Participant: 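Here it is: the structure, laid out below.
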Protein chains: 2
Amino acid sequence: MGFLGERYAIAGVGETDWTRESGRTPLTLAVEAAQDALADAGLVPQEVDGFLSYAEGDSADGLHLASALGAQPNYAAEIVGGGSSAEFLVATAAAAIEAGLCSTVLCYRAMNGRSGRRFGTQESDGFSFEQIYPFSSFFSTQGITSPAQHYALIARRHMHEYGTTTEQLGAVALQFREHAGRNPRAMMHGRPLTMTDYLGAPPIVDPFVLFDCCLETDGAAACIVTSVDRARDLRQTPVSVLGAATRSGGSNVYHYGLPVITEAAGHHLAPRLFEMAGLRPGDVDVAGIYDCFTFTVLIQLEDYGFCEKGEGGAFVEDNRLSLGGALPCNTAGGQLSEAYTHGMNNLIEVVRQLRGDYVGTHRQVAEAEVGLSTGWGGPEVASALLLGARG
Amino acid sequence: MGFLGERYAIAGVGETDWTRESGRTPLTLAVEAAQDALADAGLVPQEVDGFLSYAEGDSADGLHLASALGAQPNYAAEIVGGGSSAEFLVATAAAAIEAGLCSTVLCYRAMNGRSGRRFGTQESDGFSFEQIYPFSSFFSTQGITSPAQHYALIARRHMHEYGTTTEQLGAVALQFREHAGRNPRAMMHGRPLTMTDYLGAPPIVDPFVLFDCCLETDGAAACIVTSVDRARDLRQTPVSVLGAATRSGGSNVYHYGLPVITEAAGHHLAPRLFEMAGLRPGDVDVAGIYDCFTFTVLIQLEDYGFCEKGEGGAFVEDNRLSLGGALPCNTAGGQLSEAYTHGMNNLIEVVRQLRGDYVGTHRQVAEAEVGLSTGWGGPEVASALLLGARG
């Protein structure tokens, strides 16, 4: 029943502040996020023996972090894979524990995404999108060198095929900004956005304007995976992993043709994910949908089965992604308005909603029992988790 | 009983030729090694749905490789961690299969280690040891910028503490070169080495001379992990994973003091590894010991329990590592004389010995039933597997 019998859970979550210039190293950021997650769980560093992170650009490796925390690792790795990584790390952590390789795993992402190595640009220090995604070599000769350019091609085709509108992309941006208004930690807290603002924003890559693109953030985010049995003895309500599907690739990056170009990389894994958990999209109460761009939310809603192909634009209208909507989504502001951490902050927010951390405030999704967290990177690879506060 | 009930096995192995200038991309090398391993197992690419590799320097990522092979990945990652990676990948592959994330995993390493990015030097294209091992920042200010310099400090201290001799380091080099003489594919095949050659070789970093240091190799190596049940239906005798311990870090890199500096990174994991498998060091019939330097073999023999601390030098004398010796070791020539693949070639050779691939030739270790493969990277992190042809 479910992923590893639903015997693994997220026992704690934490993060640093989100800034544009942290003034600290990625290692220091990782230590801060780890300490925050450990305090949340009620653990000391010596009780963690697994360290998994994703490590593109500047980052802090697990052995380094373990040493800084005074912990002894039994399982540690840094992986590459960008936006599809957070869910991959959690699933791999549970698998490693099940295999007896370790017992409690800290999954994290630490980077100076604004003041250090930036993902949306080509930097003068030799780091480039192409260096970490070898397939990009095929596109750089066409002048396509940044993530925005890749996703823009898919977005424009989707608009052509299905009549998706600029205003529908804007609806995603506005909704997540409204969520950031409820989250004092969000980088865009206190900076409301109107459709007039959105439509007047500077273009980045057609059809994307400034507010279609995620933030650039210095910071770190972490979550702790352990057995449900162990988690039950800790401070927080365990949030169980009900389903997991990892790093399934579509191949749209190699074949910009129909129908592939209008599919999210999660297209192939979604049926497997829901079947594993014995759930349907309609069972999801709160979601963290990978939002490197507004458009990626819209298309994933289609490919994870919340609406038919081509209807993502209509779905995001009428406040369906709001806290009281049909599918409350990226409720801390997402990567568009809270912080960009390659998805880890979205995953953490789903955990907090399922735990009921915000009960009594204007941030809580009512009766949130099942959560979905999706990752999408590359843009040809995805991972996803179904989570539940059944612990 | 054992690692995941001994229900996971290596079902196929393969590699490219070993050269100093392949003239092919890492992706082409990865495809060749994958096809060789698939043919060995009797699988077609579409039967593989997991892709795990280690990806420092130039390399080929799993999604790229899957696309080139025409396979659809359900689990894919590239990890960093150098010489401790091969065993980590195999253990993680088995864990991921157990968790239901995928069913059959190709683990591989592909790189142009000589004509592309070299690990022993600082390259002009911006790649450096320091870039992939952040801890190196602490040492580069002291002029310590290459792996040879790190391990040399440990070796010299070991010689000081325990009387380990230059000739004992040389005994490792000579033995593995003798093994390469039996392996027509080895880079050093047909190039016998004498102690006179060894003692007269150019110094690299005291106490290491040329023949203490591993080769630099263009090439790729791969192995396929699946369930024992599945492997039994394939071409080869399955080689089961009896025990696995992954990425345990010592902390000697941060504290060059006694006793830590005279411990291999595998020191902490060895007891766990043998206990998991219900085996003792004396049960090991054939070993692949991570040989980035001659010295790393000698010290790991101590820390994996084949002799007492300080007696590694004496142990490697009297041909104990030869095919007819007490512990036949790196029997294809190792990374010192076959090829440098961050350890994957040593792991593959253990598999072949356990399968009895060389029966009837002068390469087979008699009655090889239990094998050990160790990895060591960084130099502060290790992984290891115990393998058995019990399938």
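Keep in mind that what you see is a predicted model, and the values were worked out from it rather than measured. Order of the sequence lines fixes the chain letters, A, B, ..., with proteins taken first and strands second; residue numbering starts at 1 for each chain.
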Participant: Count the heavy-atom pairs under 4.5 Å between each of A/Gly62, A/Pro26, A/Ala76, A/Ser85 and chain B, then report the option with the highest count.
Facilitator: A/Ala76
Participant: Do A/Phe88 and A/Tyr54 make the cut of ring centroids closer than 6.0 angstrom?
Facilitator: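 Judged by ring-centre distance (under 6.0 Å), A/Phe88 and A/Tyr54 do not meet the cut-off.
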Participant: Any idea which heavy atoms bring A/Ala71 and A/Pro45 closest together, and the distance?
Facilitator: CB-O, 3.4 Å
Participant: Identify the residue among B/Leu387, B/Leu279, B/Leu385 that makes a side chain to side chain contact (heavy atoms under 4.5 Å, CB included) with B/Leu242.
Facilitator: B/Leu279
Participant: Only pairs of heavy atoms separated by less than 4.5 Å count here; which of A/Ala66, A/Cys102, A/Ala77, A/Gly100 has the most with chain B?
Facilitator: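 Top option by heavy-atom pairs under 4.5 Å: A/Ala77.
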Participant: Heavy-atom cut-off 4.5 Å, strictly under: side chain, backbone, both or neither for A/Ala96 against chain B?
Facilitator: backbone
Participant: Go through B/Glu47 and B/Arg230 one step at a time and tell me if the salt bridge (charged side-chain N to carboxylate O under 4.0 Å, His left out) criterion holds.
Facilitator: CA-CA 11 Å; B/Glu47 293 175 286; B/Arg230 173 87 178 105; 2.7 Å; yes
